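Following: one structure in structure tokens, then a few remarks.
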Amino acid sequence: MVRLAIDCMGGDHGPSVTLPAAKAFLARHPNAELLLVGLPAALQEAAAWPRCTIVAATEVVQMDDTVEVALRRKKDSSMRVAIHQLKSVDGAAPRADACVSAGNTGALMAVSRYLLKTLDGIDRPAIASVMPTQTGGYTTMLDLGANVDCTAEHLLQFALMGSALVSAVDGKDEPKVGLLNIGEEVIKGSETIKRAGELLRQAGAAGQLNFIGNVEGKDIFTGEVDLVVCDGFVGNVALKTAEGLATMIITIIREEFGRNWLTKAAAVLAMPVLKRFKARVDHRRFNGAALLGLRGLVFKSHGAADQLAFETALNRAYDAARNRLLDRVHNRIIAALQAQPANAEGAAAEAAVAEVSVDKATPVVQAA
């Protein structure tokens, strides 16, 4: 069984969306159990559901709450209680294998990092999600907003974590990794990007990554690369640009087909094609961003998610837990630390590896 903890109060809609999505998810996943976290009165309808347990919380993190409020003042919020289900208490196994919330992104990242801490060898967690491609699949991209200023070493860590994510969830043993840049040539880009390219090529030569080189913005949507790595500023701009472009295209098509009786008649004939087009760019099918680098699996749903979108986020969390994503990220990071050169930094890396190896208390979520 894979057990998910759900922050049922998070997002713009709360239980009116999260509960129907949870019920639909359970119907499709007989090997799943849910911990529904929130105000007991708001979750009463789910009290008798099979494979469900209600976990009480007395507070809710609002979408406009600051990080300080979520972290220091609302210590019994549904978000915090849901994340806490991933922690090992007194040596016992965590109650949940993954957590899903549609709540405030900044608060979710801050509370997750405070409660779970980062994996050894990871400086900063990153947000990873998927973008649709012209081949009908999707490309995974990170970071999408957690880290505005990144070093080359951070980008290497993102690549290692993202590769583990794609490998675990999509079943690709050697996902193709590209570094987002203003051109494919190695001489292009900022000094940080060029240095990151060097580190990624070294990791590729060592067999840690399948690095194919620099990619441009257009390559995100071609389907020729499985993972695109960038800093959070660039990634968030690219994500919001793509969402805005998709909305604009759909709006323009709707306006043009509605201009007169002739275009309306044409729309009736084109309706099957238009429906398939809308489905291919429907952002709800790609909902669910992973917060990578933590000692627990946390997935962020879009705050405005409807039932279909939130269920998609639950599916992604379930797949990640079932395929032991946390172990895969951990193993890739350890392999990267071991492969570093034996200089001062390399000695520190070896010490970190040794510490990880003997630290039997390191909490790693295991999915049955």
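Given the structure is predicted, the values throughout are model-derived calculations rather than measurements. Below, each value reflects all heavy atoms present in this structure, side chains not excepted, and no hydrogens, waters or symmetry copies.
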Looking at [Y] and [X], is there a salt bridge between them, counting it only when a charged N and a carboxylate O are closer than 4.0 Å?
X	Y	result
Asp97	Arg324	no
Glu198	Arg201	no
Glu311	Arg28	yes

Least distance between heavy atoms, [X] atom then [Y] atom:
X	Y	answer
Leu291	Ser112	CD2-OG, 4.2 Å
Pro125	Leu294	CG-CD2, 3.7 Å
Ala196	Ala152	N-CB, 3.4 Å
Ala32	Tyr318	CB-CE1, 3.9 Å
Ala317	Val100	CB-CG2, 3.5 Å
Leu314	Ala21	CD1-O, 4.0 Å

Taking atom [atom1] as the centre, does [X] end up with more than 12 heavy-atom neighbours from other residues, nucleotides or ligands that are less than 6.0 angstrom away?
X	atom1	answer
Arg72	CZ	no
Asp149	CG	no
Ile187	CD1	no
Lys117	NZ	yes
Phe277	CZ	yes
Arg51	CZ	yes
Lys218	NZ	yes
His154	NE2	yes

Side chains of Val55 and Arg95: closer than 4.5 Å at any heavy-atom pair?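 Of all side-chain heavy-atom pairs linking Arg95 with Val55, at least one is under 4.5 Å.
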So, do Phe310 and Pro20 sit near enough that their side-chain heavy atoms are less than 4.5 Å apart?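 The answer is no, as the side chains (C-beta and beyond) never meet within the 4.5 Å cut-off.
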Go through Met79 and Lys74 one step at a time and tell me if the side-chain contact (heavy atoms from CB on, under 4.5 Å) criterion holds. CA-CA 9 Å; Met79 176 187 292; Lys74 294 186 175 181; over 6 Å; no
Any link between [X] and [Y] through a network of hydrophobic side chains (Ile, Leu, Val, Met, Phe, Trp, Tyr) touching at under 4.5 Å?
X	Y	result
Met109	Leu115	yes
Val130	Val166	no
Val148	Val237	yes
Leu119	Leu156	yes
Val37	Val61	no

Calculate, to the nearest 0.5 Å, the distance between atoms [atom1] and [atom2] belonging to [X] and [Y] respectively.
X	Y	atom1	atom2	value
Thr53	Gln85	OG1	CD	10.0 Å
Leu227	Met161	CG	CE	10.0 Å
Arg295	His330	CZ	NE2	7.5 Å
Leu179	Lys194	CG	NZ	12.5 Å
Cys99	Leu297	SG	CG	10.0 Å

[X]: side chain to side chain contact (heavy atoms under 4.5 Å, CB included) partners, not counting sequence neighbours:
X	value
Ala22	Ile6, Leu34, Leu36, Trp49
Ala128	Thr140, Leu142, Leu165, Leu292
Arg284	Asp282, Asp306, Leu308, Ala309

Just to verify, which of Glu191, Glu184, Glu185 counts as forming a salt bridge (charged side-chain N to carboxylate O under 4.0 Å, His left out) with Lys188? Glu185
Result of checking Val229, Val177, Val329, Asp173 against Ser163 for side-chain contact (heavy atoms from CB on, under 4.5 Å): Val177
Checking side-chain contact (heavy atoms from CB on, under 4.5 Å) against Leu155, which of Asn147, Leu200, Ile193 comes through? Ile193
Of all residues at least two apart in sequence or in a different chain, which pass the side-chain hydrogen bond (donor to acceptor under 3.5 Å, both in side chains) check with Glu33?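 Per chain and number, Glu33 pairs via side-chain hydrogen bond (donor to acceptor under 3.5 Å, both in side chains) with Arg3.
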For the pair Leu274 and Phe257, evaluate side-chain contact (heavy atoms from CB on, under 4.5 Å) and give the outcome as yes or no after the intermediate values. CA-CA 11 Å; Leu274 294 174; Phe257 273 116; 3.8 Å; yes
Output every pair passing salt bridge (Lys or Arg N to Asp or Glu O under 4.0 Å) with a member in residues 157-169, not counting sequence neighbours, ordered by first then second residue. none
Gln157 and Asp123: side-chain hydrogen bond (donor to acceptor under 3.5 Å, both in side chains), yes or no, with the steps? CA-CA 8 Å; Gln157 293 174 12; Asp123 296 323; 3.1 Å; yes
Return yes if a side-chain donor-acceptor contact under 3.5 Å exists between Thr192 and Ser190, otherwise no.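 Result is no, nothing qualifies.
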Regarding Ser167 and Arg328, do their side chains bring together a donor and an acceptor under 3.5 Å, going by distance alone? yes
List the steps, then state whether side-chain contact (heavy atoms from CB on, under 4.5 Å) holds for Phe221 with Met131. CA-CA 7 Å; Phe221 307 101; Met131 308 273 267; 4.0 Å; yes
Please list every donor-acceptor pair under 3.5 Å in which a side-chain atom of residues 7-18 meets a protein atom from a residue at least two apart or in another chain.
unit_1, atom_1, unit_2, atom_2, d
Asp7, OD1, Met9, N, 3.3
Asp7, OD1, Gly10, N, 3.3
Asp7, OD1, Ser78, OG, 2.6
Asp7, OD2, Ser101, OG, 2.8
Ser16, OG, His13, O, 2.8
Thr18, OG1, Cys8, O, 2.9
Thr18, OG1, Gly14, O, 3.2

Decide yes or no on side-chain contact (heavy atoms from CB on, under 4.5 Å) for Arg80 and Tyr114, but give the supporting numbers first. CA-CA 10 Å; Arg80 183 164 181 152; Tyr114 176 76; 3.4 Å; yes
